[in-house]
Every structure is written in C-alpha cells, then in structure tokens.
Amino acid sequence: MADAPEITRASDAEGFLPGPLGLRLDEEFLPLTALNAKPEVLDSLLPFGRMHQDGATFLLRLWPGTIWSSGPLSAGSYRAADIGHGLTRFRLRGVEALHFLDHYTCATLFAPHIRQARCIRTRLGGHDATLWWHNTRDVHAVVYRSAAQSFADHLRALALRHDPADPSTYPRPVNPGAPDRRG
Amino acid sequence: MRRLPAGGLIDRSQTLHFTFDGEMMTGHPGDTLASALLAGGRHLVARSLKYHRPRGIMSAGLEEPSAMVTVRDETGSTPNLKVTEVPLREGLQVSSQNALPSLEKDRAAALGLMGKTISAGFYYKTFMWPQGAWHQRFARLIRQAAGHGKVDPSPDPALYDKRRKSCDVLVIGSGPAGLSAAVTAAQSGATVILMEQDHVLGGSLLSSDATLQGLSAQDWAEDAEEALRVLSNVTVMPRTLAFGQYDHGLVQAVETLPEGSSCQAVFWKIRAKRILLAAGAIERPLVFPGNDRPGIMLAGAVRSYIRRFAVAPGRSAVVAVADPQERADTVAALREAGISIAADLPAGARLLATQGKRHLTGLAWRDAQGRKQRTPCDLLAMSAGWMPTAHLFAQMGERLSFSDQTQSLLPPETDGPLRPIGGARAVLDSADCIADGKAAAHQAMAELEMHKHLNLSRPSPAPASAEVFAAGKGKAFVDFQNDVTRDDVALAQREGYRDVELTKRYTTLGMGSDQGKTSWTNGVLEIAALSGREAAEIGHTTYRPPYSPVSLGALVGAGTGMQMTPILRTPFHSGFEKLGCVFQTSGDWLYSRYFPQPGETMAQAIEREARAVRSSLGCVDMSTLGKIDVQGSDALEFLSRLYCNNFAAIKPGRLRYALMLREDGYVFDDGTIACLGAEHFLVTATTANAGSVWRHMQKCAQVEWPELDVSLTDVSDHWASLAIAGPNARKLLEALGPDFEASRQAFPFAAVREGQLDGLPARVFSVSFSGELSYEINVPAGFAEALLARVMERGAEWNITPYGLETLDVLRIEKGHLSVGTEIDGRRTPGDLGMGGMVSKKKDFLGRALLQRPGLQAEGREQLVGLVPEDGSTIIPYAAHLSDSELDAKGCAATIGHLTAAIESPSLGHPIALGFLRDGRNRIGDVLWAHSPVAGASVRVRVTAPCFYDPEGERLHG
Amino acid sequence: MLLIPCPHCGLREESEFTYGGPCRDLPALDGQSDAGTWSQAFHMGKNPRGPLRELWYHSSGCEAWIEVTRDTASHEIIPGGQT
Amino acid sequence: MGYSAFSILGHALTANKHWQAAVGTPEMRTSYDVVIIGGGGHGLATAYYLAQEHGITNVAVLEAGWIGGGNTARNTTIVRSDYLLNSSFRLKDFALRLWADLSRDLNFNLMYEPRGYVDLAHSDGELEHFTLRANAMRLGGAEASILTGDALQERVPELDMASPKRFPIAGALVQEAGGVVRHDAVAWGFARKASQAGIHVFQNCPVTGIEVRGGKLQAIETPKGRIACGKALISVAGASTQVAALAGLELPLNSVNVQAFVTEPVKPALDTVVNYNAGYSYVSQTSKGEFVLGGATDGYSSFARRGSFERIEDVLARALQMFPFLSRLRLMRHWSGIADIPMDGNAILGPTPVEGLMINAGWGYAGFKATPAVGHQMAALLATGQLPELLQPFAYERFALGAEQDDAGAGPYPWLH
C-alpha cells in the first residue's frame, strides 16, 4: 500500500500579499486534536486563555471545556477528537503582521491581557479566527478549512488598502521618555 | 481678485486650477473650494431647493446649508458636497446643481412668484384628483424638482476600508479645548487619539487674534501640535469626521485620505474609555426678510476667510453682530482686509429687507429710534450668538435643555463615557477653552486611575449677549436648505402640527443634508414665539447620527463584489473543477451543481447523471453536511432528549435516521446518528441547519442539561464526504478496500465501518438519500483529492459518473425524501411529513409537550403526498397550488395545498411532483387541479403516496 | 454595537455573539408537563422594558453559552445579573 | 373646509391665516363608547373607520407622544402584499386595494405611488419558492409576475445584474401595485378626518392604568383623567407588552430594534422598490429625492430605539451589490423603530381574555403596509362585536392552540423574523 498520501492544501496562500506592507501569508498544515473535559479538569493542564509550547507539544486553551493539542499527547482523563483536517493554519509574517490584523479583529489584540497571553479566538472580516503568536512579526491564524480560501482572498483585499506613508497604520518609534503604554 | 496680498494658512508658492461651471479658477494648497471661489469673486454658487432663490456661501464649515455642488475627479462625480468641506485639489471640475438652464438664469426661479401657494405642506392639500393622478402625472414633476445633485451612474472605482482602533482617551476636535485636552492626557501616559474633521489642526484658533499664554493663537496651536507629534502614545487623525456615538464608548468616524493614497476613505470604529467632545460651537444666523442672499455670511466665517484664507469676501460690509466683543473682533478683521464698514448695526436695530438679485447690494433697516435706513453693501456679517455642537452627546438619547442664559440648547453635566468640553458646552473664550480641556482631561485621567484627582474647576458657559436685533415682515428663512420660512413655522402651529417633531416633519425644517445645524435653535425660538410658550418647553427633535453626511462606499469598506461575506468551499472543490463541474452559490456554500459534458445543457446533464446512478454508479459531494462528534457516558441520553424518535437499542456499528423537533413541536432538522462506541456517536445535520443545530446542541449541553456527562466537537470540516451510489457501489467499495469486508452481511444498510480504503483512513456510512445502494465514504479532508482520484480511477470499470446536487435532488424527489427549505419549511409536524409513527411514545424529548397541542394533532392538516399527471404525461408546472376547483372567470381558485417539487422523472419516464395537501393521506387516488398562473398552466393530477421509486426499498440493500 | 462581558474572554463586541433569547424556566423533560404549561412558560412574557436575563452564545470566541442581564431600554449590562 | 388647489389659492390670498387645525386640542370627557390606545397609523385608521363605516364618533384616541410618532414615522414607507400564507396575503392585499382610493376618501394626498415592488431571488431554488408566492397571489386575485434575465433588466434598468456578486440575481417576484406611501401623511390624513367627525385625539397623553373587574374592561386611566369605557383597543406596537400588562395580560412577543436610514436627496435615479433577499436590504427613492434603505432587525430584545451600526453596514453592502453607484452617495440620517415580533412573526389581532379589550399588536416591522385594512377590520370588530373573517387566523390564543401563522418558517424565535 502507498505510504500516507500528501495532504492537499485548502488555499493558494503562498508568499507575499499584494500592497506595500511586505506581509507574507503561507498555509502550513497543523495536526490538531480537541481534548474535551470538565473545565476544572483542564485547569490542571492549562488555565483558560493561555497557550503552552514545550518542544513538539503545543497546547491552546481558548474554550472552557476544550484544549487544542498538537504533538505527543500527555495522559489525562479527557476525550479526544481529531480536528486537524477541519482547520487551516496560516502564518502571517512581516513587521506589521499583528498590527495589520489588529485593525480588523473584533477584539483588540493589544489589550493588556491579550498582549500577555499572546493568543485569542475572535472574528475577522466575518471569519472565526484563532490567533496566537510568539512575537508580533509571526502570527498563526487558524480558520475553518472550508473558509480558508475566502480568508486568504480577504486578507489580500485588505493588504491592498494600506499605505506605507499612512501614520495611523504602523506603530511609531517609541519616544525614550514615553511611558510604556503603547496604543 | 479678492485674495489679500499676504497672510493666511495657504501655500502661495503653488497654484491649483479648477473649473466652476466650466469657468477656469485658481487657488492654493490650504484653500477649501469655498475660499478659492470667494478668492475668485464668485459668490452665487447654488439655487435653493424649493423657490430656486440664488444662494452664496454663508459659513466656513460643515454647517453650510446652501452652497452645495457636484465635484468630479478621477473617480467620477459626487453630488451634494458643501464647498466648505472640500479641500482644493488640482483639476477638480465643480458644477452647480438644481438650476436650468444655468445658475445665473434659472427658469424655476419663477416659483418664487407663487408666494404663499407653495408654502409648507401644500402638496398634502392637492394633486388628489383624478384618481391615480398623483402617481401618473404630479409625482414625476415633483420628483424632478426635488433633490439637489445628480447621481453618477458609473460604478465607483475607489477603494475603501473599514478598521478598528482603541485607546484610553479619544478627543474629537482640535480647537483650543481639544488640543489642551489631548496634550494633558497624552503627557500623563494615556493612549490618545486626536481627531479633526478639517485638514489642519487648530479649529477656531486659526482665525482668532487672541493672545494665549503669550503666544498668538496660531503659534499656540502649532506648539500644541508639536507636543503631540513627539509622543508615541498619540495618534493625530486629520480629515477624520467623528459622525456618531454608539453603545458602550464606541465612536465611528470616516477618514478621507489624501490624494494618491491606496484608499479614498477609511471607516474607523474607535473604542475609547473616555471621549472628550471638543467640536466647538456653530454660529446662529439672524432671521429677517431676505436673509438668504449671496453675500450674507456668518461673522465667524467672514473672519475665517479673511484671517485663515487671506480672502476679502466683499468690499463694503454691514456688521449685524449681537455680542459686543465679537462685533469688535469682526470690525477689526474687516479693517485688516481693507473692507469698508458701511454700517455697524446698534442693538435693537430692526432688519427690514435686503436688495440685490444675484448678490447682496443693500440692507433696509430701522435704527433703535425707528428711523428707516437704506445702506448699500455687498457683504453682511451676521451673528445672533453661538450653539454648542453637542450633537454626538445627544445622539445617545440624553436630552439637551434650552438655557435662557446662553440662548442655546445646552448639554447637562454628565459622567458618561462622552463629555462635551469647550465650545460644545458653550464655553466660548479661547483661554477658557484651554482651561476646560485641561480640567476635563485630568478628570478623565483620574477616573482611569492614571492621575491623582486635581478637581480643577471648569469654566462656566458664556451668557448670550443681551442685545438682540428685530426683524420686519416678509420671507425670512429659518431653514435655508429646505426654504422653510418663519410663516411656514407659523402655518404648522396654526394647523395643529405643534409638537416640535410634527413641525419638523410638516415644514421639513432641519430635514436637509445639513440636518438643521444653523436652523434648529432659531426654529425652537420661532415655535416658542409663535405659540406663546417658553423656549425651554419646546424641547428639540431627536439627534441622530451621522453628525454630517458620510460616504456609503466607506461604510461598506472591502465588503463588495465577491468579498461581501465569506464563501465556503468543500474539500473536493479543486478536484471537481478539473472534472468540469458547474458550481452554484447557495447560502454560505459554493457547491457542485452539475457536471456537463461538452455541449450538454443542464437538463441533459442531470438526466445523464441520474440514469448513471440508477443504472450503474455515481459519486456526489456530501461534505457540506454538519457533523458533530458526541462523546460521554450520557451521550445516548443527551441525543434521546434532542431527537424525537427512539434509538435506545442502537449498537456500535449501527446507524439510525433521526428527526429533531423545535421546542414548539415542529420539525427542525433531520439527519443520522451513527454509533461508533457505547459512549461515542457521530451525528449529521443538514447543510442549511448545520450552524443552528450546533448552537442548539451546545445550548442543551451547557444550559438546559448541564448535569449530563457529554462532550461535543464540531468536526464538519474535518471530514470530506464522498457518496458512491448505484447498483455497483458495493463492487467499487470492495475494489477500494479488499480487506474492508464490504459484503452485504458484514456491512448492511444503515451501518458504519472504519478501515483503510486504498491507503486512506476512512469511515464509511451505508446510508442513502438517492434510494440506491449507497456508501458515504468519509476521509480526513486533506485526503479528499486522493480519494476522488482513486474513486474515479477504480470506478471507471462501472463508468462512474460524478453528479451534482441538482441530480441528487431529482433522485431524492423520486424517493419522496425530505429537503430543508421545501418540505422541512419550519411549519410541519412529524405527522405532516408522514413520520408520525417515528415519534417515540416512551421517552420525553424537546418538543414533545407542545406537539400535543390540538392544532398540531388536528385532522385535515396539510400532509406530504406524491402527485402524477392524470393523463400520465402532461408536465406538472413547478410551484403550482392544489385545488378542488378549476380557475374561475378571474383566474382565481381556493387552494388546499401546494407543490414543494415538480420534475420530469428520468427514472420513471413521466412527470412527478411532491406537495402538501389538506388531509392528503386520505385523498390518495383523488384527482385535483394543480394551478400555476405564472406558468399559465392548470393540470389535472392524481394524488399518490410520496415515494415513486422502489417503495419497498429493496435497492438500498444491493 | 454592544460590548458583552463574556465570563471567560472578557468584554467583546456583539458581532462575536449569537443571541439566544430571554432565559426561560421551562418544565423539565420528565414526560409529565402538558402542552398548556409548556405554552405558558415558552410563549408568554419575558419582554420587559428594563433588566432582562438572556442568553448569548460566544460563537466567534470561547463557544460558551453565557447568561447576561441587560437593561433593554438603555443597553446597560448589569454586572452580577441581579434583576 | 376641504383641501384642493382652489382652497390653496384662496388661503394664499389671505396669507394662510385661516387654515383650520387638522388636529385640535379637545376637552376630555369622562366616558367614551370606544377608547383607542395608540395614535399611530393603525389607531387613527381604526378611529376614522369607526366614524366613516359605523357612525360611531364618541371615540377617544390616546397618544403618549405625538400622532404618528412611533413606527408610523420610522418605516421605509413600502406597501405590498406578496405573502405566501393566505391569512397574511388576504389582509395585506385588502390594504393595498384601500390605499389606491384613500387620498380621495381622506381628502389628504397620501402620495400613494404604485411604482412596483421587485423582490430579488438569488438562486433557481429560491426563484421556485417565489413562484409559489406569485401563484398564491394570482389565485387570490392579486397581480404578480416572475421576471428573469432581460425582462428583469428592462423592468429595473438601474439594477446591476451583470457584475460578479456574492449572491447572483436569478430573477424576481414583481408586484406592480406595490410601491410607497408618504408615511407621515397617513397619520395626519386619518387624524384630520377623524377629528372632523368629532372624534377626540389626545397627544402627550400616556395610558397609566386599565381597570378590569370581573374579567371585563371598566375604565382607562390617563394623566388628563379617568375614562369609563366598555370597549378599547390596544394599538401601541413596540409598547404592546407594557400596555397589555396594565390589564393583566401577557403577550407572546419580543420587542426588537429595527433600523432604517436615508441618503442625501438627489435627482430621480430609481423608480421601483427593490429588495435583496440574501439578508434583507430594501431600497427605494422618496419623492423628496433621498434613497431610503432598511433591512432585518438587530436580533435581540430592545426598547432603546438604537441599534448596532453593523446592521446598516450589512444593508448597505447588499444595496451596493444591486446598485453600485450608491457608494458615491452619502448617509444623511439613520434611526430605529421598536418592532413587536410575536413567536410566529405574525400579528396578534382581535379579542383578548379581557372582555371588551381588543388587541392590535405584533406587526413587527411589517405593519405600515396593512394600516387601512387593520383600521377597517378592527373598527368592524369594535362596532359589531363580530370577529371579521380576515382577522380570525391572528387570534391571541393561537399559540396555546397550535395554530401559528409563520410566514417565514423561522420558528418561535422573534429575533429571527
């Protein structure tokens, strides 16, 4: 029997978005399992609103009763359901990446508790989007697979509408004396 | 030329060219269209809406009631723009509106002669005879005369965007109060956005000659702007109009981007913890006969054109300004511009009339002693006082109250998210505004715990001048844009339209595109005077966003064309494209409709596809079905409460059809329940209801029955689902998976098996919508292309035919199966659909109690039946209604049911239909009429059972 | 545009939620309750001009059904939900 | 004193000094034969028909605010009768026939313009469902047609059918008798004629109490005094729950906010009324030149007369799919109404458990089009005590009985209708 077949991508996202902001959008498959249990059980694994990366294991808890897990599973009394193929993971990379998305997400990505947790599930241009990032220039965005192409097309349309010269679209150099409260 | 030799915030080194009604004119960067027109000596720019009176430029801001034009640029033409709101750009083509043949000679000006016959509300009192005359004749004339500019029919090539931002403190307006508040908040660490609708900051400071903290007003403004520029926690947004306040501290604004930007405009949604409204105040015109001629301007506007734009709006001026200090400032400005003072009207003067056809030439007035004066002049600077621009505050429903002291509608003290400061609470002196901005900012910062409480005192609103002017008899305009005169307001009072809201609607006072910015305070005072009531008793009409009109294109942003809303594609989309599939949008999905061969019509393709499935083998995409993974010790109990039929005895590997009711007992959705293990089920929902079923299940698990141990996971997109159907389906399944044990005994109908198919991890359900032997092969979505390739490759032996949802619909109609939208239309009980027997008598479930209501159990309800033409061959028109009687003379008939589907059945070779018929199941064999007036057809049909094809269902087992 | 306090995710825009209607104390599914009792509990009332206990589903967030008490006249959301 | 071109000329010569008040300020009596709670279009129409058809004029209309100030002033002025359910169709079609002669009957120009109502379908399946509706209308004696392709483009030349759009235009149901009526004039026209017949219309007069004893209506309390009466009608739209509660009555409905808005006025650029059906967006141009647009409700209980701006963005996005040139126009004003929507989305009309107290509620955002028919039928019920056939399907008890009238099949969720 042939070895496991290659997983076809859900969108044509590969390389730079149009427009001047120099953002790259690439689709990279991410095997994910949903771990369901009572919230108090999951609290011992990972508090709500947090993500955890340790080697190959990645945990994301943006639901009271569910944790998304990728990589080797640690034992625990939860019920697992494979969801990896139903979700498409995009990576948006570039200096403006998080700031660009923040314009369009219903929730503010620079709110204090979000900046600290670096992960959120919110809505962007009519799409449910799960976002997480280790630094603001490399953001993971997960949408339902059936909406992947639509999401990629939408980001392209938005990227076209920006100007490098428009001061309101990118964070300004920090004035040495200014308090650390960047909007 | 009326350009002053020096001064003004304009760049004299650059000359910009534009045309007005074809006439070449020039201006400089920093000019608005208004200042450039005035610099070229052009006053007459428009004709009024109703009487077509010549109108000039009265103001210098968004409150401009009359001077509206159509502006053409590279993206096309935009009507109804106020000349005061358009920054001058090279190459603008500006044209006047609503004047034929020309601005100078407008035929409709003759309407002015009709005098009182076309006063307020005249069109309610005539045009009623003969019947239908209003629509056939008069409406067309009235509509031609109404409206200002014309719409450019060509699509708008400009791009727009819609963005969100949040901050601690949002300051709206960059006059003395706004700049002071922004600097104060920013320097104590708040994230601040300062928004200004003009293209430069400064507001009233730009035309003030006050000295502030030792600096000129303009230098003070520049210093404040510089202080903000260096801070990183501040975003300054010029050319941005804050047009509305909404719930919970949301302000919405539209930013017009400079020329050459990637976007024409951006629609901003700003969430702020505190909002300081520093939008200033609007000057109130005088109401006196002939107060609308070109050359009559608000005093503040005159000062602005002189000092900010270095333009002399006239040669010899009359000053009619109530407030002594403002009168002196106006006289000073006129002198700076070398304009002679023809008269400086004393308090108590009575303005009788103005002369001049297309431009003011003189004013007739009586002095305090009653002596009549006639003063030639070409400019009249008028002011009755100032009205706070508290619109954004009032939009949330809190009432403003008329203050006799300030003679204006004042906002109350407030601790809500948005607070008027400076001119917006009638603090008019620049220095007071600076203090008010600082104090308000500190208060806000203290509330946000970013600064200790200083409790700085707030300057109090400035009292109005005691000196007022009187007016003579004659056509005195209260609302300039809609030509509403003092007599119209009187007529409304007399005819019983006394409430301010009724006066507004009867006279259209304040209903123009300026929304009455310069007319409402005068309107309230006129109503009070005419009806003998106190101004404070009159109240005011509701303040509604937008503060000033905003572009519809900006409000839609990038959501145009195919991008309006997200569109979903199945995992087989690209694979099907290669097979020549024609797709169709329906709801959220772009789904496969049919697979035409070259030269085939849709009908021919459907017939070929249907025959292939009935005779050999076809494959169809079922991925759009909702799929929910249900696990837990109470999983079965959870599902048995949700679905009305009984499946308590279901075993792992088995599958059941299931019917879900709403709480009110009507059918909500149908699907299948597959048992994967004692505590593990996979439930499907129809495409149309997938989202609402998921939310409904989550609600039952989380809110209604939290005691149940059950976990739900939406796996709809995880599984690609390709159904293979037809007599050879089992052979293909065996070819795909030799060790899959697809035999009839091992894998009967209504079962589920997991295993490997040609190297792909698969879960297969033996379930059929088409009525043929059928297997829904589910593989993880990433392997959809691989599955399709293998199925097409191995299926070739049986001439496998991909088919779309049109053919699936034909096949399910032949079987009398149900579809959401046609049979499951939200109004049917299980019994209506022939499924009464499935409803469990033993358990309780959602919908059981309300299903017992008499109306749902009554005899004679509409029931699902099949229909065939009585003569066996005549086409039954789709969407026909069923009746016992033929059409009467008028083509009418009493109906007793309607069709939900009607097709030419490829499998049976004759027309068939499904439909609801009153007491249907008791009328099998009856012959009735099927009427479709739209198709011009009435066909005799015989009632049959709904299933036309293989009623015993042998083919399902294959 | 309401800001709805999700107990898990914090204050979020109304467009992240789907409305679930007023909270209704419906009879239990114990096979006892008749159509009349159910119709009274399910169809009637729950339309106050003032505080209303209602359900919202955080569809674009934590996918939890949450209970909120909101004043239907001012849209003010009353913390703690006392009515 | 009738209104006509001659009366306008005559009054103009005397500087309009002698026009009579359309609605006076009468003295409140202590009892009336009938009290109508709610001075909007429906309430005032009922008063007019009580006098006109049944000679009953000892009637008081009590309006909490100013006449026509509720939903009558807040709708998008569209009239039509293109409904599938026979019950909805017959009542609204009766209204459509009454609109045609009402200006003459009231001697008040309501500006009824049958410009044609064009309801767009976005797939063949949806067009088949529209054909069902068109056939129901034709079989019920009304005119309706299904237009597709070039025929639809000719009928609505301004409609952009060609360019790629999220939901293509497959065709439309067209009702030529549908169109627009000047909403304010409806309230004023009925009020003036009712006042002339001697009926008392009281403004700024909220109802503070409804006295019921022995299950029978006794009196209505107002700040201007107590009115003894045996018959009354509740016709207050969004405030139905609150007013019915004064009589101890519960209603099966939720009040939901619905928004509408206008652009700046421009020269005529659209002659018909067009509705986009993939998420409502209904568009027409008033005789004053504004484009007026409306859509679905805000989707949650509200009395705030204020909603989320995203609803306006949804309506606009769909309007631009139909008429791309609209993106050049500018939003001038947006407002809200309170739509009282029952559990099946259809009105609640007729007697209540309180003897003598009738109810006209639950019209949601579809009540304006039915104004004259509701007035005519409710007047007949109040005058004769017999429930007219057209009102019977909309009984108060229909939810307990299981006889819902659910046009859209959206189910017992008022915020989804």
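Letters go in sequence order (proteins before strands), and every chain restarts at 1.
- Ring pair W188(D)/Y506(B) is perpendicular by interplanar angle, where above 60° counts as perpendicular and below 30° as parallel.
- For D407(D), the part lying near chain B is the backbone, with the side chain staying farther off; criterion is any non-hydrogen pair under 4.5 Å.
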Passes salt bridge (Lys or Arg N to Asp or Glu O under 4.0 Å), D487(B) versus K17(D)? Steps please. CA-CA 10 Å; D487(B) 294 342; K17(D) 284 278 180 292; 6.0 Å; no
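- The most heavy-atom pairs under 4.5 Å with chain D, out of T822(B), D664(B), T78(B), come from D664(B).
- The existence of a salt bridge linking K162(B) and E310(D) is excluded, since no basic side-chain nitrogen approaches an acidic carboxylate oxygen closer than 4.0 Å.
- Between D406(D) and R827(B) there is no salt bridge, since none of the side-chain N atoms of the basic residue sits less than 4.0 Å from a carboxylate O of the acidic one.
- With respect to E495(B) and R192(D), no salt bridge is recorded, no charged nitrogen being found less than 4.0 Å from a carboxylate O.
- Not one N or O on the side chain of H881(B) forms a donor-acceptor pair closer than 3.5 Å with the backbone of L139(D).
- Both the backbone and the side chain of H334(D) come within less than 4.5 Å of a heavy atom of chain B.
- With a 4.5 Å cut-off on non-hydrogen atoms, F6(D) does not touch chain B at all.
- Counting heavy-atom pairs under 4.5 Å between each of H135(B), M68(B), Q264(B), M511(B) and chain D puts H135(B) at the top.
- For S308(D), no part lies under 4.5 angstrom from a heavy atom of chain B.
- In summary, the side chains of R182(D) and Y124(B) do present a donor paired with an acceptor at a separation below 3.5 Å, with no hydrogens or angles considered.
- Of the listed residues R853(B), K125(B), K116(B), the one with more heavy-atom pairs under 4.5 angstrom with chain D than any other is K125(B).
- The closest donor-acceptor contact from the side chain of N109(D) to the backbone of Y123(B) lies under 3.5 Å.
- A distance-only check finds no donor-acceptor pair linking the side chain of D152(B) to the backbone of R328(D) [under 3.5 Å].
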